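For reference, the structure discussed in these notes is given below.
Quantities reported herein were computed from a predicted structural model and do not represent experimental measurements. Starting from 1, each residue takes its place in the sequence as its number.
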Amino acid sequence: MSHKPRYALTALLSAGLLAAGLVNAAGAAPAGRSTAAGQAWSVMARDSLRAALTKERFYFLMPDRFANGTTSNDRGGLTGPREVTGFDPTRKGWYHGGDLKGMISKLDYIKGLGTTAIWLTPSFKNKPVQGLGTPYPSAAYHGYWITDFTQVDPHLGTNQELEKLIAGAHARHMKVFFDIITNHTADVITYTQKPGGPAPFDYVSKAAVPYRNANGTVFDDRAYAGTNAFPPLSADVSFPFRPVLPAGDEKVKVPNWLNDVTLYHNRGNTTFSGENSTYGDFFGLDDLFTENPRVVHGMEGIYDYWIRNFGIDGFRIDTMKHVNIEFWQKFLPHIRATARSVGKPDFFAFGEVAEGVSVPFLSRFTTTGRAQAVLDFPYQQQAREFAASHPTDQLRTLFEQDDWYTDANSNAYELPTFLGNHDMGHIGMFLRDDNPGNSEAQLLQRDKLAHELLYLTRGNPVVYFGDEQGFTGAGNDQAARQDMFASKDSEYNNLDDDGIDPLNGQNLSDAGKNDNIGSDVTPAANNFDRSHPLYRTIAALANLRKHNRALADGAQQIRYSSSTPGIFAFSRTDAKQQIEYVVALNNSTAPATADIPTYSAGMAFKNVWGGAVASVTTSADKKLSLTVPAMSAVVYRATHRMQRSAAAPTMTLSAPAQASGRIQVQANLAGDSLYQVSFYMKNYGGHWTPLGTDDNAPYRVYPDVSGFKPGTALQLLAVAKDNAGHISTARTETTVVAPSGAGAGIATIHYHRADNNYADWGLHLFGDAIGEGVGTSWDKPRPPTRFDAFGAVFEIPLADAAASLNFIIHKPSGDSVPTTREPGGDRAFVPDLSREVWMISGDPTIHTSKP
């Protein structure tokens, strides 16, 4: 992958090093600097080999819910009731009959949306049913309970039908992406309690019961992660429970190495926070010991097979944040090398890190973790709120954090962006719930606006199947997985879920919550309508993006936003063509006008998208005056290439004098042209290492210096190139220091109540930021640490300040707003961005300064 738009980086660095005095005009090292020159050319050689930026338009679907090509495989070759076969098309938690043959029959429908890549949920053979004997048994229609990683699930078809699907997609110039899992397998292993040990399935920390090798000696598994060594283990000795395979299931998993119970963490169920987020079982699913090289190599072998033999074009990787980072550092480079070896240099793998707030945390997986990209969950939240008429400054804040993703071979332009998914729900549901009282026509306009934002901003847009037909729904998870073929499920058909909550006996009726936006049907009908207004809008946006390269991967420069609903505007500019596009979206319910900065004075721009005037010309101060209709978007294309800069911009480079962890390195340029700034770092006597390239202000990277010993002096270099090829350079230095304090410190939440009554009010805490043991149960919220003039003060020990600190302010077991719970639902902030926040009773706003 390249950095953002593709300047000739070899020439850029060569000219920059010449200007910095590291090489001479002939490209050789000046006297006394041969070592520096050799290092510089080594960097340039690496830069020149980067591949093209990934540009896909994804269609994400669940095969069981998409199209039923044959009823012969509905029960997966099994006989008996649904508890055996998993098949019951009348209930949302069971197989409904969709299959690969059905997908093959609908490839032209998918292609018609402008799709370039199909991403399907896991299609390997699953344990058909789990949870028997519990209040909520269900089937593996979604594909995440795998037992056999070598064959397609019989409910969906055969390996041969998968080959036909891939061939059909490739013939239509579409790629096929697998959803893969390395974190866990199906729930097969059971635990037996050791004498005096904890109750089965409750998580047991490593501090309480550490791992032991087969001889009983305590060891730290983290010391072996990322290596090719690991102590021998014993099911009887090594774990807090004794893991056992039930009779008849000793060989149920394929490949056979998956049947070795010592290759799993075996510590009990996760609560999704702290240590157990990585080591715990997901609701009983067998959690693999991914620190063990046998598991690493085993997973490499599994997915090598599918790349080599089936021509898979890429992977979406499930539950990435619940696997240790060393696994990804080994696994991801390996599968990309496998893909290159079979002629797939553009193989693209992106991870699911389910995190809606913390860009610093997400970016860890694309930088340290070596993933090409992760799903952009923060984007989803902001896109949803933008379509619900929130202040447009929120989007500016989001995109200004993009530099956290920038490193030597990836950046935010590769992130898959989305509006809804199979876990969260459809964008149509969010829009309906966020805008009570809106007519269907208004909801349709908001839905179109959300998709305009999706296709016109940076990233690889993902359409969740059914969104193009205006699907809504009653909730997330099972409620968000409606059939595209005519459904027999009462909830999906807008009737009644007929469910009773076993905890309180409440009727769970979801009748009336599946009206499609933009049509008069529900999922009870066959929903492959190419005339649907959303299908046509998405197809038109895909075509616009396809034929205007800058809208796919051009530099994105934010131009205009405000603290109220209204216009959000930005430029997209391809570095080679240097034709500026101005995109303006209006999320208010009335037309809005703004003067939008551009790169050029006196430049004529022509309308290429949206209902607005056909052309407009920039003023002498380079501003484009645009009026954007309510709840809509416009795109204007400059009629000529922008003027070339007369001279290189002056530049300074800043970085903290003392560095630990990830640091901000910023280049400050005096000018407003189209620039690209490449950053490099080395220790004295070392090699120049590329840190990444930024093409929009502010120009920054966030390198991780934690691998250097305290006291190491680091040199930093920035090389800027303008749109005419002029070069300027700047340098600075920093010294690595040891991280301060143990752990990650504390975060502080201040809470004010006007009635001054704080009795029983506390925090429900969860998420990746909090320290081990800090998480709370709903009946026992964390009490205030102390009180001050503002009110209650909660001090929360941290394990990871870059992750989200999730909280709810409530009374014990209280869930009634405002008497026993504060409004706003689950709330979160990132301590690395703000260590201290303030809350006021009745106000869901998280204030980062004292109100």
Side-chain angles (χ1 to χ4, degrees), residues 271-274 277 321 353-365 374 376-386 388 390-391 393-405 424 563 661-662 664 702 741 743-753 761-772 774-776 781-786 788 790-810 817 821-851:
T271 61
F272 302 98
S273 65
S277 180
K321 81 171 181 177
V353 181
E355 167 57 67
V357 176
S358 178
V359 170
F361 180 77
L362 276 170
S363 66
R364 182 180 302 162
F365 294 87
V374 292
D376 197 347
F377 279 86
Y379 180 99
Q380 188 278 336
Q381 179 65 29
Q382 294 305 320
R384 168 186 176 175
E385 294 188 4
F386 176 79
H390 283 230
D393 279 345
Q394 292 182 198
L395 281 176
R396 177 186 289 272
T397 299
L398 170 74
F399 290 124
E400 284 181 345
Q401 295 183 69
D402 278 357
D403 296 327
W404 283 93
Y405 296 103
M424 306 171 73
S563 60
R662 293 185 71 178
Q664 177 178 292
Y702 290 88
I746 64 169
T748 304
I749 298 176
H750 299 268
Y751 174 49
H752 173 78
R753 293 188 59 83
W761 285 96
L763 294 181
H764 180 55
L765 292 166
F766 54 103
D768 295 288
I770 61 177
E772 192 67 30
V774 177
T776 58
R782 183 182 182 90
T785 307
R786 55 188 171 86
D788 62 14
F790 185 82
V793 180
F794 300 90
E795 294 177 338
I796 303 114
L798 301 173
D800 187 349
S804 286
L805 193 159
N806 302 80
F807 69 97
I808 299 170
I809 302 176
H810 75 121
V817 177
R821 175 174 174 166
E822 289 290 354
D826 298 355
R827 285 175 286 185
F829 65 98
V830 180
D832 257 355
L833 301 179
S834 179
R835 282 292 173 117
E836 199 168 8
V837 300
W838 286 260
M839 309 297 303
I840 299 175
S841 180
D843 179 4
T845 306
I846 298 175
H847 300 274
T848 55
S849 60
K850 185 176 179 180

With side-chain contact (heavy atoms from CB on, under 4.5 Å) as the criterion, how do M839 and I749 come out once you've worked through the C-alpha distance, each side chain's angles and the decisive distance to 0.1 Å? CA-CA 7 Å; M839 309 297 303; I749 298 176; 3.9 Å; yes
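- Pairs of residues two or more places apart, or lying in two chains, never qualify as salt bridge (Lys or Arg N to Asp or Glu O under 4.0 Å) while including a residue from residues 836-851.
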Would you tabulate the side-chain donor-acceptor contacts of residues 356-365 under 3.5 Å, counting partners in other chains and residues two or more places apart, or write 'none'?
unit_1, atom_1, unit_2, atom_2, d
S358, OG, F361, N, 3.0
S358, OG, A802, O, 2.1
S363, OG, V359, O, 3.1
S363, OG, P360, O, 3.0
S363, OG, R662, NH1, 2.7
R364, NH1, D800, OD2, 2.6
R364, NH2, D800, OD1, 2.9
R364, NH2, D800, OD2, 3.1

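- Closest approach of S804 and V830 over heavy atoms only: OG-CG2, 4.4 Å.
- Contact between I846 and A828 at its shortest, heavy atoms only, is CD1-O, 3.3 Å.
- Residue pairs meeting the salt bridge (Lys or Arg N to Asp or Glu O under 4.0 Å) criterion with at least one partner in residues 353-363, sequence neighbours excluded, do not occur; the list is empty.
- For L765, the side chain to side chain contact (heavy atoms under 4.5 Å, CB included) test picks out L763, I770, V774, T776, R782, I796, L805, F807, with sequence neighbours left out.
- Taking H810 as the reference, nothing meets the side-chain hydrogen bond (donor to acceptor under 3.5 Å, both in side chains) condition, with sequence neighbours excluded.
- Residues meeting the side chain to side chain contact (heavy atoms under 4.5 Å, CB included) test with T397, sequence neighbours left out: Q401.
- Proximity of Y751 to I809: side-chain heavy atoms (C-beta onward) are separated by under 4.5 Å at one or more points.
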D768 and S277: CA distance, side-chain angles, deciding distance, side-chain contact (heavy atoms from CB on, under 4.5 Å) verdict: CA-CA 8 Å; D768 295 288; S277 180; 3.6 Å; yes
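- For E385, the side-chain hydrogen bond (donor to acceptor under 3.5 Å, both in side chains) partners at least two apart in sequence or on another chain are Q381, H390, Q394.
- Checked against ring-ring contact (aromatic ring centres under 6.0 Å, His included), F766 has the following partners two or more places apart in sequence or in another chain: H764.
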Would you please test R821 and I808 for side-chain contact (heavy atoms from CB on, under 4.5 Å) and show each step? CA-CA 8 Å; R821 175 174 174 166; I808 299 170; 3.6 Å; yes
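- Legend: residues meeting side chain to side chain contact (heavy atoms under 4.5 Å, CB included) with P783, ordered by chain and number and at least two apart, are absent.
- With sequence neighbours left out, V793 forms a side chain to side chain contact (heavy atoms under 4.5 Å, CB included) with T748, H750, R786, D788, E795.
- Counting only heavy atoms from C-beta outward, the side chains of P844 and R827 approach each other to under 4.5 Å.
- Residues forming a side-chain hydrogen bond (donor to acceptor under 3.5 Å, both in side chains) with Y405 (at least two apart in sequence, or on another chain): none.
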Could you go through R835 and L798, starting from their C-alpha distance and side-chain angles, then the distance that decides it, and tell me whether this counts as side-chain contact (heavy atoms from CB on, under 4.5 Å)? CA-CA 10 Å; R835 282 292 173 117; L798 301 173; 3.9 Å; yes
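- Note on ring orientation: taking the six-membered ring where Trp is involved, the planes of F790 and W838 are perpendicular (angle over 60°, cut-offs 30° and 60°).
- Heavy atoms only, all atoms of each residue included: A744 and A801 are closest at CB-N, 3.8 Å.
- Applying the side-chain hydrogen bond (donor to acceptor under 3.5 Å, both in side chains) rule to E400 yields no partners; only residues at least two apart in sequence or on another chain are considered.
- For the atom pair CG (D832) and CH2 (W404), the distance works out to 6.0 Å, reported to the nearest 0.5 Å.
- Proximity of a side-chain donor or acceptor of E822 to a complementary backbone N or O of G842 within less than 3.5 Å is detected.
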